[in-house]
Amino acid sequence: LVLFVNQTNSRFNSMYMESMSCEKFITDVASIATTSFPRANALRIVRYLNAAHVAGYTGLSKIYSKASFFDEINRRLKLLTPREMMRMDELDMDNGSDAAREILTWCMREVKVARQKGYIEPR
């Protein structure tokens, strides 16, 4: 029993640290975007990053299903527009990470546009 509890605690701590790492990344990118991008672009990339974070948990269990978790958070926080949600409805959020990866692709497209428009400098 002690071994099981230790392993469970270890897994929980590892998952928690990964989650906090995502949160830190989102905060870092949001800080850069809000100080460098036009307001509309900055808000869009922050929405996308937060939606991708939520989508990453979606489907991990019945409690974290698209209907009871992602859709509810999106309804309250308006992370994705109705048109963007239509794309999410095409993906099986309850099985796999395709939705999170799709949203991250949208983020990368925003970064590409920002770079092309000179909002951020190339390396």
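These numbers come from a predicted model, not from an experiment.
Contact annotation: the side chain of M88 never approaches that of D71 to less than 4.5 Å [non-hydrogen atoms, C-beta and beyond]. Between F70 and L79 the shortest side-chain heavy-atom distance does not fall below 4.5 Å. With a 4.5 Å cut-off on side-chain heavy atoms, V46 and F37 do not count as touching. For the pair V54/F69, a side-chain contact is recorded, criterion being any heavy-atom separation below 4.5 Å from C-beta on.
Of all heavy-atom pairs spanning R75 and K78, the tightest one is O-NZ, 3.5 Å. Contact detail for I45 and C107: the closest heavy-atom pair is CD1-O, 3.8 Å. A52 and A100 get closest at one heavy-atom pair: O-CB, 3.9 Å. Residues A33 and A42 share a closest heavy-atom pair of O-CB, 3.4 Å.
Checked against side-chain hydrogen bond (donor to acceptor under 3.5 Å, both in side chains), D98 has no partners two or more places apart in sequence or in another chain. Qualifying side-chain hydrogen bond (donor to acceptor under 3.5 Å, both in side chains) partners for R83, counting only residues two or more places apart in sequence or in other chains: none. Taking T105 as the reference, nothing meets the side-chain hydrogen bond (donor to acceptor under 3.5 Å, both in side chains) condition, with sequence neighbours excluded. Taking the side-chain hydrogen bond (donor to acceptor under 3.5 Å, both in side chains) definition, one finds that S36 meets it with nothing, sequence neighbours left out.
Under the 4.5 Å side-chain heavy-atom criterion for ILVMFWY residues, a single connected hydrophobic cluster contains both L77 and I103. Note: the hydrophobic cluster containing L60 also contains I73 (ILVMFWY, side chain heavy atoms under 4.5 Å, direct or indirect links). No chain of hydrophobic side-chain contacts below 4.5 Å, direct or via other Ile, Leu, Val, Met, Phe, Trp or Tyr residues, connects I32 to I26.
A tilted orientation is assigned to the rings of Y57 and Y64, their planes being inclined by 30° to 60°.
When the shell of 6.0 Å around CD of E121 is examined, it contains 12 or fewer heavy atoms from other residues, nucleotides or ligands. Around the CE atom of M20, the shell of radius 6.0 Å holds more than 12 heavy atoms that belong to other residues, nucleotides or ligands.
For T35 (side chain) and S31 (main-chain N/O), a donor-acceptor pair under 3.5 Å exists by modelled atom type.
Of the charged side-chain nitrogens involved, at least one lies within less than 4.0 Å of a carboxylate oxygen, so that K66 and D89 count as a salt-bridged pair.
For residues 43-52, every residue pair satisfying the side-chain hydrogen bond (donor to acceptor under 3.5 Å, both in side chains) rule, not counting sequence neighbours, is listed here: R44-E110, R47-E84, Y48-E84. Among residues at least two apart or in separate chains, salt bridge (Lys or Arg N to Asp or Glu O under 4.0 Å) pairs with a member in residues 17-27 are K24-D28.
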